[in-house]
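Atoms within a ligand are numbered from 1 in the order they appear, just like the ligands themselves. All values below were derived from every heavy atom in this structure, side-chain atoms included, with hydrogens, water molecules and symmetry-related copies excluded. Remember, predicted model here, so these are calculated numbers, not experimental data.
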Amino acid sequence: METFVKKKIVIASDHAGFNLKESIKEFLKKEENYEIIDVGCYSCESVDYPVYGIEAVKKILKKEADLGILICGTGIGMSILANRFPSIRAALCQEPFSAKMARLHNNANVLVLGGRVIGNGIAIEIVKTFLSTPFEGGRHERRLNLIENLTQKWNL
Ligand code: RB5
């Protein structure tokens, strides 16, 4: 008999992404496949997004989470932060097609959303697509390996 392992999803936001983070958590709690690790923030009070983004990144780097969801106002700051770390592949998505391709071709392990850019409905569709799409591998794996090798070569 196969043992069912829940996917661990770490989620983080700043104040501008807080409401969307709560909506996504509510949606994910209803899905039995996921365990959610919320690393903040915990209100709409103004905070600095790197402080919370790094906590999510650390969970993935330490393999305490499989995938991450980061939310700030535009999604840009969280993307800049997350993509500084080798083996983090963060994709800022504003519609489901990008979320699908981010998984199929880029094996993205972090979904980034802009809480001031998209509404809750489309955000949930993006999350559903992101979490249910597998990586295609093949030539895309070669390209991702090139990114890792180039990063190492330039000592980043
Ligand atoms: C906060 O005002 C805003 O700058 C932040 O949420 C984010 O959009 C940064 O990229």
**Student:** For A16 and ligand 1, does the shortest N/O to N/O distance drop below 3.5 Å?
**Tutor:**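 A16 vs ligand 1: no N/O contact under 3.5 Å.
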**Student:** Can you measure from CD (Q94) to CG (L113) and round to the nearest 0.5 angstrom?
**Tutor:**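 Q94 CD to L113 CG: 9.0 Å, rounded to 0.5 Å.
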**Student:** Among all protein non-hydrogen atoms, which one is nearest to atom 10 (O) of ligand 1, and what is the separation to 0.1 Å?
**Tutor:**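 Sorting protein heavy atoms by distance from atom 10 (O) of ligand 1 puts G77 N, 2.9 Å first.
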**Student:** Between L70 and I124, is there a shared hydrophobic cluster once you connect ILVMFWY residues whose side-chain heavy atoms come closer than 4.5 Å?
**Tutor:**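 Shared cluster, no.
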**Student:** Looking at NZ of K21 and CD1 of I69, how far apart are the two atoms once the value is rounded to the nearest 0.5 Å?
**Tutor:**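 CD1 of I69 is found 11.0 Å from NZ of K21.
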**Student:** Is E125 paired with K128 through a side-chain N to carboxylate O contact shorter than 4.0 Å?
**Tutor:**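 Salt bridge between K128 and E125, a charged N being under 4.0 Å from a carboxylate O: yes.
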**Student:** What residue and atom, counting heavy atoms only, is the protein's closest point to atom 2 (O) of ligand 1, and at what distance?
**Tutor:**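 It is R116 NH1, 3.3 Å.
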**Student:** If the cut-off is 4.0 Å to any non-hydrogen atom of H15, which atoms of ligand 1 fall inside it?
**Tutor:**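 In order of numbering, the contacting atoms are 1 (C), 2 (O).
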**Student:** Would you check whether M78 reaches within less than 4.0 Å of ligand 1, judged by its heavy atoms?
**Tutor:**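 In this structure, M78 fails to qualify as a contact of ligand 1 - no heavy atom is under 4.0 Å.
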**Student:** Out of L81, T74, I80, whose heavy atom is nearest to atom 8 (O) of ligand 1?
**Tutor:**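 That would be T74.
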**Student:** What atoms in ligand 1 come closer than 4.0 Å to a heavy atom of C72?
**Tutor:**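 Result: 6 (O), 7 (C), 8 (O), 9 (C), 10 (O).
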**Student:** Give, for atom CD1 of I9 and atom CD1 of I24, the distance between the pair rounded to the nearest 0.5 Å.
**Tutor:**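 Between I9 CD1 and I24 CD1, I get 11.0 Å after rounding to 0.5 Å.
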**Student:** Whether the side chain of E141 engages the backbone of L144 through a donor-acceptor N/O pair (distance < 3.5 Å, no angle test) should be reported.
**Tutor:**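 Absent.
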**Student:** Ignoring angles and geometry beyond distance, decide whether Y49 reaches within less than 3.5 Å of ligand 1 through its nitrogen or oxygen atoms.
**Tutor:**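 No, Y49 has no N/O under 3.5 Å of an N/O on ligand 1.
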**Student:** Going by the order shown, which atoms of ligand 1 are within less than 4.0 Å of some heavy atom of D14?
**Tutor:**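 Per the distance check, 1 (C), 5 (C), 6 (O).
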**Student:** Measuring from atom CZ of F135 to atom CG of N109, what distance do you get when rounded to the nearest 0.5 angstrom?
**Tutor:**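 Reported to 0.5 Å precision, the distance equals 11.0 Å.
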**Student:** Atoms of ligand 1 less than 4.0 Å from G73 heavy atoms?
**Tutor:**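 Selected atoms, number and element: 5 (C), 6 (O), 7 (C), 8 (O).
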**Student:** Output yes when a side-chain donor or acceptor of D14 lies under 3.5 Å from a complementary backbone atom of A16, and no otherwise.
**Tutor:**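 It does hold such a pair.
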**Student:** Scan the protein's non-hydrogen atoms and note whether one is under 4.0 Å from atom 4 (O) of ligand 1.
**Tutor:**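 There is no protein heavy atom less than 4.0 Å from atom 4 (O) of ligand 1.
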